[in-house]
Amino acid sequence: MVDTLGVAVVGFGWMGRVHTQAYARVLHHYPKLGLRPELVTVADEVPGRAEEAAGQFGFATAVRDWREVADDPRVRAVSITAPNFLHREIGVAMAEAGKHVWIEKPVGLTLADARAVADAVTTAGVQGAVGFNYRNAPAVESARQLIGSGAIGTVTHVRVRLFSDYAAHPEGALTWRYERERGGSGVLGDLASHGVDLARYLLGDIASLTADTAVFVPERARPTGATAGHLRASGGELGPVENEDYVNCLLRFDSGARGVLEACRVSVGEQNNYGFEVHGTKGAVFWDFRRMNELGVSRGDRYQDQPVSTVYVGPGEGEYGAFQPGSANAMGYDDLKVIEACRFLRSIAEGTAHGATLTDAVHSAAALEAMVRSAESGAWVDVHRAG
Ligand SMILES: NC(=O)c1ccc[n+]([C@@H]2O[C@H](COP(=O)([O-])OP(=O)(O)OC[C@H]3O[C@@H](n4cnc5c(N)ncnc54)[C@H](O)[C@@H]3O)[C@@H](O)[C@H]2O)c1
């Protein structure tokens with residue numbers, strides 16, 4: 001007997017679509033989950049967008065105002081995939097209405113926003129999952145296990161990179177992402193938030209950091225109609241880009257390890273170049289999102305000239321076995337969201353958290369806030385005291 005769980009999606013852009021597809025697929029990959037998500041309602045403020053989503057994916061109803069979702073007793077869990085400036089208001093309202101929330105990173109505009117959603121979820125006693133999907137890659141889980149087992153010795157340093165060209169085109173429209181009021185930070189919230197989560201997932205908490213930021217494309221054309229994703233706009237009125245395109249950051253971890261995190265949204269020639277290199281006293285682990293199911297591993301006792309092997313993750317590593325029967329069959333980005341959906345639903349079914357939570361979002365937001373302060377002052381900033 002499989003119980004059903006009424007779910008809703010608020011904000012039907014790229015992430016709204018991906019969350020919906022994950023709900024639709026989750027039982028295909030996790031037949032023993034014991035909870036069947038039922039697509040109850042979808043909300044989007046753009047006229048017709050929610051109706052179109054309902055027609056394509058089978059939501060029972062479509063609305064324009066997310067408040068109707070909060071008031072809908074059929075809905076027990078909500079995906080919050082609207083722009084960052086709405087995360088706090090919608091997240092708090094949904095938790096207060098007793099709904100479990102699966103909310104996209106960075107969870108609001110600031111550390112205070114992330115904390116407000118986390119507090120509301122705790123007070124309401126509901127589950128709160130966050131879209132830090134890269135930690136769900138089986139190869140990343142495998143890397144974490146390797147590091148934890150001591151296979152590469154004591155971790156000394158890490159490099160985390162997130163380079164993308166999604167904002168590189170000078171005609172890229174001035175959407176909510178480039179405004180302080182609606183996007184908050186720029187590449188910090190968009191990409192560095194993932195980098196902080198990966199760094200913490202692999203190496204533990206960050207103690208302090210120093211950062212530098214820059215805007216490389218200072219003006220963009222305002223879009224003339226509704227937006228979703230990264231569209232182009234040319235010829236329109238120009239407006240200022242209000243948040244950073246680039247960040248580089250030096251990290252000190254509680255463990256004593258050191259790190260470098262660099263993220264850029266305007267890197268010509270870089271498409272989703274996300275990954276890390278973790279070095280230890282006896283070995284190293286390398287991961288590149290573009291070859292998501294491969295892990296570079298150097299281990300042994302040679303120290304110098306030690307070879308690096310390419311390992312294809314397989315069943316038994318992370319959640320790989322839920323997707324493919326044998327190693328070297330590719331998984332993709334959307335599969336990471338199916339894993340996230342599974343962990344969210346499992347958290348609800350068992351009443352205990354699985355996967356990235358709002359606590360992780362608060363940690364990430366604290367590091368981002370420390371980066372902002374450091375970029376302003378030029379000083380090292382203690383992450384634990386940030387905010
Ligand atoms: N985890 C990831 O890898 C990842 C990737 C991309 C985006 N994100 C996050 O997901 C969120 C959404 O990003 P996106 O790329 O899907 O953006 P998007 O612009 O493609 O979609 C946002 C959607 O929200 C809708 N919306 C705006 N105001 C609304 C309101 N008041 N009520 C209901 N709907 C409203 C818009 O009409 C649009 O359809 C952001 O917080 C972003 O940081 C996460």
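All ligand and atom numbering here is 1-based and tracks the order in the structure. Note that the structure is predicted; figures quoted are calculated from it, not measured.
- In terms of polar-atom proximity, Val10 is not counted as a contact of ligand 1, lacking any N or O under 3.5 Å from an N or O of the ligand.
- At a 4.0 Å heavy-atom cut-off, ligand 1 touches Leu86 through the side chain alone.
- Only side-chain heavy atoms of Tyr333 come within less than 4.0 Å of ligand 1; its backbone N, CA, C and O stay farther off.
- Of the options Arg67, Arg17, Glu45, Met15, the smallest heavy-atom separation from atom 4 (C) of ligand 1 is shown by Met15.
- Side-chain N or O atoms of Glu369 include one that pairs as donor or acceptor with a backbone N or O of Leu111 at under 3.5 Å.
- When Val278, Thr281, Leu146 are each tested for a side-chain contact (heavy atoms from CB on, under 4.5 Å) with Ile152, only one passes: Val278.
- For Asn133, every heavy-atom contact with ligand 1 shorter than 4.0 Å involves the side chain, none the backbone.
- Transitive grouping of hydrophobic side chains (ILVMFWY, heavy atoms separated by less than 4.5 Å) keeps Met94 and Leu345 in distinct clusters.
- Contact atoms of ligand 1 toward Arg49: 36 (C), 37 (O), 38 (C), 39 (O) (distance under 4.0 Å to a heavy atom of the residue).
- The shortest N/O to N/O separation between Trp14 and ligand 1 falls below 3.5 Å.
- Residue pairs meeting the salt bridge (charged side-chain N to carboxylate O under 4.0 Å, His left out) criterion with at least one partner in residues 124-141, sequence neighbours excluded, are Arg135-Asp197, Arg135-Asp360, Glu141-Arg343.
- With respect to Arg200 and Asp205, a salt bridge is recorded, a charged nitrogen being found less than 4.0 Å from a carboxylate O.
- Residue Arg258 is tested with Arg252, Arg159, His279 for a side-chain contact (heavy atoms from CB on, under 4.5 Å); the sole match is Arg252.
- Counting atoms of ligand 1 from 1 in the listed order, those under 4.0 Å from a heavy atom of Val46 are 37 (O).
- Residue Pro83 holds the heavy atom nearest to atom 27 (C) of ligand 1 of all those in Ala53, Pro83, Ala82.
- Contact annotation: His194 has at least one heavy atom less than 4.0 Å from an atom of ligand 1.
- Contacts between Phe12 and ligand 1, counted as non-hydrogen atom pairs separated by less than 4.0 Å, involve the backbone only.
- Contacts with ligand 1 closer than 4.0 Å are made by no heavy atom of Phe132, backbone or side chain.
- Selection from Glu104, Arg177, Lys337 by nearest heavy atom to atom 14 (P) of ligand 1 gives Arg177.
- Stacking of Arg220 on the aromatic ring of Tyr178 is recorded, both the 6.0 Å distance cut-off and the 45° axial limit being met.
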